Amino acid sequence: MSKTNTLRHLAIIMDGNGRWAKKRGKVRTQGHKVGAETVRAITTYCSTHETIKTLTLYAFSTENWKRPKMEVNFLMKLLNDYLKNELDTYMELDTRFETVGDLAPFSPKLKKTIEKTKEATKHNKKLVQVLALNYGSRDEIVRAANRVISRDEPLTEESLSAALDSPYSDIDLLIRTSGEQRLSNFLLWQLSYSEMFFTETLWPDFSPQELEEIIEQFQHRDRKFGGI
Ligand code: IPE
Ligand code: IPE
Ligand code: MG
């Protein structure tokens with residue numbers, strides 16, 4: 001008997017922008033710029049997919065502050081511009097924008113753009129696009145545990161899950177581009193039983209076609225969740 005897995009929540013570690021640019025003799029930031037186009041293309045694909053309800057994208061980690069200031073500043077501006085320019089697209093795609101991660105260190109201007117985009121898209125229904133921003137899974141779990149403790153609740157799997165930044169369903173499929181095979185502090189709790197897929201393709205070259213091929217393989221994986 002063959003059953004097909006349903007993909008509801010897809011998460012992607014968007015990696016390889018710098019190498020993509022280097023290969024072309026360009027500066028790293030050019031890779032991020034083209035990578036933003038891939039974000040649009042993949043979000044568009046997911047918003048029309050029959051079963052995908054949530055797309056979580058790793059955009060900036062708690063460790064990415066270690067990068068040169070110029071690159072960090074570029075990424076902050078790119079994010080601000082992306083959200084502003086793409087508002088029409090979010091509306092057309094009936095897609096809600098959400099975030100996970102600690103937004104506190106971002107500039108007031110960026111925080112305002114993030115809040116405005118969330119507010120403007122909050123009734124959209126087809127897809128939730130969750131950007132992981134200043135996100136680190138250990139940081140998220142510690143903040144969640146502190147929330148539970150401060151409410152004097154017993155610490156259980158349920159109470160901790162509910163206190164995470166991401167009250168979304170468990171992740172069914174995780175993809176990491178660029179050939180690296182590690183999690184880099186992404187969603188350690190939520191990935192417990194997700195299927196993983198690693199592709200050599202660098203993020204700016206990743207396409208809806210390749211995503212479709214990966215989903216096809218995901219559908220035929222044998223997910224057991226500890227059973228037989
Ligand atoms: C991923 O691409 C984007 C971010 C982490 C913001 P990288 O910038 O990590 O690209 P590589 O890994 O250096 O090629
Ligand atoms: C992970 O990629 C973070 C994002 C994609 C935003 P990195 O490129 O920062 O991860 P490492 O340093 O290779 O593990
Ligand atoms: Mg990288």
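Whatever order the structure lists ligands and atoms in, that order sets their numbers, starting from 1. Note that the structure is predicted; figures quoted are calculated from it, not measured.
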Salt bridge or not between Asp15 and Arg176? Use side-chain N to carboxylate O under 4.0 Å. yes

Hey, is Arg176 one of the residues with a heavy atom under 4.0 angstrom from ligand 2? yes

Kindly confirm or rule out an N or O of Asn64 lying under 3.5 angstrom from an N or O of ligand 1. no

Could you check whether the rings of Tyr45 and His49 sit parallel, tilted or perpendicular, using 30° and 60° as the cut-offs? tilted

Is there a nitrogen or oxygen of Glu180 sitting under 3.5 Å from a nitrogen or oxygen of ligand 2? no

Has Arg28 got any heavy atom lying under 4.0 angstrom from an atom of ligand 1? yes

Between ligand 2 and Asp15, is the shortest N or O to N or O distance under 3.5 Å? yes

Quick check: does Asp15 have an N/O/S atom under 2.8 Å of the Mg ion (ligand 3)? yes

Option of least heavy-atom distance to atom 9 (O) of ligand 1 (set: Lys22, Arg19, Glu71, Arg67): Arg67

Does Lys53 have more than 12 heavy atoms from other residues, nucleotides or ligands lying within 6.0 Å of its NZ? yes

Applying a heavy-atom cut-off of 4.0 Å, say which part of Ala59 lies close to ligand 1: side chain, backbone, both or neither. backbone

In this structure, atom 5 (C) of ligand 2 is nearest to the protein heavy atom Met14 O, 3.4 Å

Judging by distance only, is a nitrogen or oxygen of Gly18 under 3.5 angstrom from one on ligand 1? yes

Under 4.0 Å, counting heavy atoms only: does Ala21 come that close to any atom of ligand 1? no

May I ask you to decide whether Asp170 forms a salt bridge with Arg8, counting only side-chain N to carboxylate O separations under 4.0 Å? no

Decide, yes or no, whether a salt bridge links Glu119 with Lys122 under the criterion of side-chain N to carboxylate O below 4.0 Å. yes

